[in-house]
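Please read the structure below before turning to the comments.
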Amino acid sequence: MNDNELNIKESILVLDFGGQYNQLIARRIRDLGVYAAVYSHKISIEKIKEINPKGIIFTGGPNSVFLEKSPHINKEIYELNIPILGICYGAQLIAYDFGGKVVKSKVGEYGKTYVKINKSSKLLKNVNDMTETFMNHSDHIQKEPNGFEVIANSDTCISCIQNEEKNIYAIQWHPEVKHTIEGEKIFSNFIFDICKCSKNWSMDDFIEKQVLEIKNKCNNKKVILALSGGIDSATVACLISRAIGKNLYCVFVNHGLLRKDEEKEVEKVFNNNKLLDLNFIEVDAKERFLKKLENIIDPEKKRKIIGSEFIKVFEEEAKKIGDIQYLAQGTIYPDIIESGLNGSAIIKSHHNVGGLPKDLMFQKILEPLKFLFKDEVRKVALKLNLPESIVYRQPFPGPGLAIRIMGDVNEEKLNIVKEADYILREELEKAKLPNLSQYFASLSNMKSVGVMGDYRTYDYAVVLRIVHTDDFMTANTVDVPYDILQKIMNRIVNEVKGVNRVFYDLTSKPPGTIEFE
């Protein structure tokens with residue numbers, strides 16, 4: 001992954017130490033109009049120099065800096081004359097590296113915590129003297145290093161230190177989490193007053209640069225796009241179409257793992273659509289995908305099998321078209337991060353990232369959205385005048401229902417999850433509840449005893465997932481009124497053969513993910 005492809009002159013480098021809120025840091029900074037990219041803390045000094053960021057942020061993480069196997073950083077980073085901000089673990093790491101004392105806390109701080117600011121600081125400019133923050137730590141800085149001064153405390157620990165001469169700052173709380181009331185001020189102070197960034201990240205600029213970049217890269221050559229009908233691939237289609245017109249060929253693969261009637265909806269939107277003006281090709285590949293997935297239980301194997309088979313289909317279609325040199329995909333930034341492509345921990349391989357074979361027949365892969373979060377993609381889509389039916393279509397993973405079915409995939413399970421999901425979507429659309437970012441039904445691999453019509457049943461349990469999220473990197477479950485959940489449950493149990501229980505998943509992200517597999 002090369003951020004230089006975006007021609008960004010000013011950026012903030014976020015170094016990942018394994019914390020659960022790390023991607024939020026990049027999101028908050030981008031919201032302020034400055035580009036931020038997430039990389040592993042193992043990044044080389046040479047790579048940092050190549051990126052040439054205006055500032056660096058060390059993220060939080062689950063480890064203790066004083067333990068031997070905890071992640072550390074090359075100390076040359078402190079000599080690059082680039083402003084640094086450490087958050088939580090990152091703050092403790094800075095204190096530790098400069099000779100301060102970090103210890104296990106007798107009492108940890110979790111959740112809402114008030115911090116008192118006792119000294120002026122560029123970082124905390126215009127922040128209230130007593131400010132409400134979000135803490136999440138069991139270690140703390142007991143003694144600041146030489147050359148650093150304490151500028152804020154909570155009731156139990158040192159909460160912020162600084163070395164203004166070296167432009168190094170460290171805070172124990174999490175400004176990226178919305179529960180920190182003045183977190184935006186802190187990031188704004190860091191990126192504008194300390195790092196001297198200017199606002200250079202907007203979706204208008206992004207579109208203009210990407211269209212020009214695609215035009216220059218492709219140079220009148222043909223491109224084949226994996227079109228799912230979702231917002232990501234549709235936005236890619238629109239961007240590439242603007243750049244190369246009819247040299248773009250959009251292939252929609254019906255792999256048999258789609259939601260109920262989805263193939264009809266996709267064809268209606270994209271085939272002979274004057275607004276999009278695309279070469280639309282539909283491929284019926286249901287049988288070959290289901291055969292490949294027979295008896296496959298491991299979700300990572302499912303993803304890789306599906307990704308590999310997708311490529312084979314595209315290669316076959318490319319040969320029919322002739323002289324196709326580029327494959328385009330709707331990869332977005334969370335796909336890159338969760339697949340560990342930037343050196344972060346692998347959460348789950350995405351079929352369009354981790355499932356690509358090494359012997360591709362295509363010369364290059366085009367992924368114009370790979371630096372964007374989901375909400376940024378929506379902004380781009382709206383600016384490209386894509387229909388709202390696409391922009392606000394319920395998100396759907398590339399591997400489809402294969403990763404909404406726990407365990408092996410077969411026709412019976414597919415029919416169950418299709419019908420249950422259709423009922424859920426139908427009832428929620430009727431209810432018109434606010435703040436529903438993503439919702440779907442998933443099929444567990446659990447069977448249990450039930451009773452219907454005085455007869456014993458032994459059937460599956462369906463799990464409902466309904467979440468709200470701003471960026472799809474974190475998510476909270478929605479407090480759906482009980483009567484609506486009850487109605488959905490009754491319909492699923494009564495109308496979907498093979499189901500005798502319905503569960504509602506209350507897990508946030510983290511610790512869970514939005515999809516089950």
Handout entry: Verdict with reasoning, Arg465 to Glu515, per salt bridge (charged side-chain N to carboxylate O under 4.0 Å, His left out)
Key = CA-CA 8 Å; Arg465 185 91 164 117; Glu515 297 289 344; over 6 Å; no
Exercise for the section: Return yes when atom CG of Asp155 has more than 12 non-hydrogen atoms of other residues, nucleotides or ligands closer than 6.0 Å, and no otherwise. Expected result: no
Practice task
Name the orientation class of the two ring planes belonging to Phe371 and Tyr35 (parallel below 30°, tilted from 30 to 60°, perpendicular beyond 60°).
Solution key: perpendicular
Fill in the blank from the handout: Note: Leu424 and Ala441 closest approach over all heavy atoms is CD2-N, 3.6 Å
Exercise for the section: With rounding to the nearest 0.5 Å, note down the distance linking CD in Gln329 to CG in Leu225. Expected result: 9.0 Å
Problem - Side chains of Glu388 and Tyr392, donor plus acceptor under 3.5 Å - result: no
Handout entry: Aromatic plane relationship, His179 with Phe134 - under 30° parallel, 30 to 60° tilted, over 60° perpendicular
Key = tilted
Practice task
Pick out which of Ile141, Val102, Asp139 makes a side-chain contact (heavy atoms from CB on, under 4.5 Å) with Tyr96.
Solution key: Val102
Exercise for the section: Looking only at non-hydrogen atoms, find the nearest pair between Thr113 and Ser154 and report the distance. Expected result: CG2-CB, 4.0 Å
Handout entry: Partner of Phe98 by side-chain contact (heavy atoms from CB on, under 4.5 Å), out of Ile168, Ile161, Leu93, Asn163
Key = Ile168
Practice task
Please name the pair of heavy atoms, one in Asn136 and one in Cys88, separated by the smallest distance, quoted to 0.1 Å.
Solution key: O-SG, 3.8 Å
Exercise for the section: Please determine if Lys196 and Glu10 form a salt bridge, counting it only when a charged side-chain N lies under 4.0 Å from a carboxylate O. Expected result: no
Practice task
Using distance alone, with no hydrogens and no angle criterion, decide if Gln394 and Gln438 have a side-chain donor and acceptor under 3.5 Å apart.
Solution key: no
Handout entry: Straight-line distance of Leu13 CG to Ile43 CD1, nearest 0.5 Å
Key = 5.0 Å
Exercise for the section: Nearest 0.5 Å please: distance from the CD atom of Glu429 over to the CD atom of Glu427. Expected result: 10.0 Å
Handout entry: Side-chain donor/acceptor of Thr477 to backbone N/O of Ser508, under 3.5 Å
Key = no
Handout entry: For Glu517 against Ile405, the heavy-atom pair lying closest together
Key = OE1-O, 3.6 Å
Problem - Atom CG of Asp204 with >12 non-hydrogen neighbours under 6.0 angstrom - result: yes
Fill in the blank from the handout: Residues at least two apart in sequence or cross-chain that pass side-chain contact (heavy atoms from CB on, under 4.5 Å) with Lys116, listed by chain then number, are Met130
Problem - Exercise: identify the closest heavy-atom pair between Ile94 and Tyr169 - result: CD1-O, 3.6 Å
Exercise for the section: Answer whether the closest heavy-atom distance between the side chains of Leu366 and Lys217 falls below 4.5 Å. Expected result: yes
Handout entry: Aromatic Phe440 / basic Arg404 pairing, under 6.0 angstrom, 45° off normal
Key = yes
Practice task
Please examine the side chains of Trp201 and Ile29, heavy atoms only from C-beta on, and report whether any two atoms are closer than 4.5 Å.
Solution key: no
Practice task
Could you tell me whether the side chain of Ile214 reaches within less than 4.5 Å of the side chain of Val223, counting heavy atoms only?
Solution key: no
Practice task
Search all heavy atoms of Cys195 against all heavy atoms of Lys54 and return the closest pair with its distance.
Solution key: O-CE, 3.2 Å
Handout entry: Close side-chain approach of Tyr504 to Ile466, heavy-atom, < 4.5 Å
Key = yes
Problem - Heavy-atom check, side chain of Ile311 versus side chain of Leu327, under 4.5 Å - result: yes
Problem - Distance-only side-chain donor-acceptor flag, Ser228 / Ser233, under 3.5 Å - result: yes
Handout entry: Ile45 side chain reached by Lys49 side chain, heavy atoms, under 4.5 Å
Key = yes
Handout entry: Pairwise side-chain contact, Glu144 with Glu149, heavy-atom cut-off 4.5 Å (strictly under)
Key = no
Exercise for the section: Nearest 0.5 Å please: distance from the OG1 atom of Thr59 over to the OH atom of Tyr39. Expected result: 15.5 Å
Problem - Test: Glu50 and Lys47 ion pair at under 4.0 Å - result: yes
Completion exercise
Residue set satisfying side-chain contact (heavy atoms from CB on, under 4.5 Å) with Asn52, at least two apart, ordered chain then number -> none
Practice task
Would you mind reporting whether Phe187 and Glu176 have side-chain heavy atoms less than 4.5 Å apart?
Solution key: yes
Exercise for the section: Decide whether Thr507 and Asp505 meet the rule of one side-chain donor and one side-chain acceptor closer than 3.5 Å. Expected result: yes
Completion exercise
dist Ile87:CD1 -> Phe17:CZ (nearest 0.5 Å) comes out at 11.5 Å
Exercise for the section: Consider only side-chain N and O atoms of Asp205 and Asn200, and report whether a donor and an acceptor are under 3.5 Å apart. Expected result: no
